[in-house]
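Notes follow the structure.
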Amino acid sequence: MNRVAVVTGGTRGIGRAVCEQLKTDGFNVVANYAGNDKAAQECAEEAGISCYKFDVGDHEAVMTGCQQIHDEIGPIEVVVNNAGITRDGTLTKMSYEDWHEVMRINLGGCFNMAKACFPGMREREWGRIVNIGSINGQAGQYGQVNYAAAKSGIHGFTKALAQEGARSNVTVNAIAPGYIDTDMVAAVPQGVLDKIVAKIPVGRLGQADEIARGVSFLCSEDAGFVTGSTISINGGQHMY
Ligand code: CAA
């Protein structure tokens with residue numbers, strides 16, 4: 001039977017590309033999403049992916065949602081923590097709510113998904129967790145103290161949990177994407193984005209499937225000795 005892979009924020013952008021790649025790789029893929037029913041319907045119809053709606057930042061909702069996936073589809077053997085939001089603004093203008101919401105979803109979501117799925121992976125002695133961090137968690141970014149802190153936190157979370165899973169063949173890794181051609185990046189004001197793209201040595205935004213192929217490797221049998229690592233896929237924008 002095909003292994004079950006859950007991709008959070010899986011119906012759009014990088015998440016959608018990851019779902020399609022993992023499906024091609026032979027996983028039984030489930031996309032989680034929080035609010036956009038239309039995108040979920042398209043993902044289900046166009047890509048044949050099962051979609052489950054719950055807020056990854058809500059601990060109880062994650063425990064219930066993952067139990068439901070377990071009961072209806074099968075034990076969750078791969079988790080891709082991709083769900084994330086931005087609430088950009090300089091610190092002076094950033095509200096506590098903007099800070100907290102980004103931490104709750106982007107970083108809290110990783111904790112909640114791991115709480116729901118990691119114990120079963122350890123018991124079954126196989127698992128793959130891939131956390132989507134960011135170049136901005138590695139290098140920082142003007143106007144993103146919330147996002148940079150959460151993404152940087154993801155990189156620490158990855159290295160700590162990797163140590164807890166290693167003996168049970170549960171690998172925990174991160175990908176740090178650079179600026180990828182998605183709705184999230186499209187929301188950056190054009191003038192600001194032009195300046196950012198000018199600093200990318202490869203000379204363009206990345207494509208979602210270029211991230212998905214990195215996730216695919218980390219989820220494969222071949223990557224069993226890779227754990228606690230971060231793969232930067234950023235067109236050379238930040239060499240870490
Ligand atoms: N370094 C230093 N100064 C900067 C700067 C920078 N990087 N960027 C802007 N400034 C300066 C501006 O020149 C300006 O100075 P003056 O007033 O002297 O002209 C001042 O800061 C204010 O700049 P803005 O007009 O841009 O301020 P704003 O309040 O209108 O907007 C902002 C601030 C919302 C943060 C806006 O700059 C912005 O959207 N920046 C992009 C942030 C970003 O890259 N987000 C990434 C989203 S995608 C993502 O996160 C995915 C991923 O993982 C990569």
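In listed order, ligands and their atoms are each counted from 1. The chain is numbered in sequence order, starting from 1. Keep in mind that the numbers below use all heavy atoms, side chains included, and drop hydrogens, waters and symmetry copies.
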Checklist entry - Between D37 and Q41, do the side chains contain an N or O donor and an N or O acceptor separated by less than 3.5 Å? => result no
Checklist entry - Tell me, which pairs form a side chain to side chain donor-acceptor pair (under 3.5 Å) where one or both residues lie in residues 9-19, sequence neighbours left out? => result R12-D183, R16-E20, R16-E46
Next on the checklist: Hydrogens and angles aside, do N173 and S229 bring a side-chain donor and acceptor to less than 3.5 Å of each other?
Outcome noted: yes
Checklist entry - Are the side chains of N234 and Y179 in touch, meaning some heavy atoms are under 4.5 Å apart? => result no
Checklist entry - Given a cutoff of under 4.5 Å between side-chain heavy atoms of I, L, V, M, F, W and Y, with clusters grown through shared members, what are the other residues clustered with Y142? => result none
N or O contacts of ligand 1 with protein under 3.5 Å, please list pair by pair.
{"from": "ligand 1", "atom 1": "21 (O)", "to": "Y142", "atom 2": "OH", "distance (Å)": "2.4"}
{"from": "ligand 1", "atom 1": "29 (O)", "to": "K93", "atom 2": "NZ", "distance (Å)": "2.7"}
{"from": "ligand 1", "atom 1": "44 (O)", "to": "Q141", "atom 2": "NE2", "distance (Å)": "3.4"}
{"from": "ligand 1", "atom 1": "44 (O)", "to": "Y179", "atom 2": "OH", "distance (Å)": "2.8"}
{"from": "ligand 1", "atom 1": "45 (N)", "to": "D88", "atom 2": "OD2", "distance (Å)": "2.8"}
{"from": "ligand 1", "atom 1": "45 (N)", "to": "Q144", "atom 2": "NE2", "distance (Å)": "3.4"}
{"from": "ligand 1", "atom 1": "50 (O)", "to": "Q144", "atom 2": "NE2", "distance (Å)": "3.0"}
{"from": "ligand 1", "atom 1": "53 (O)", "to": "S134", "atom 2": "OG", "distance (Å)": "2.6"}
{"from": "ligand 1", "atom 1": "53 (O)", "to": "Y147", "atom 2": "OH", "distance (Å)": "2.7"}

Next on the checklist: For residues 105-119, which residue pairs pass the side chain to side chain donor-acceptor pair (under 3.5 Å) check, not counting sequence neighbours?
Outcome noted: H59-N112
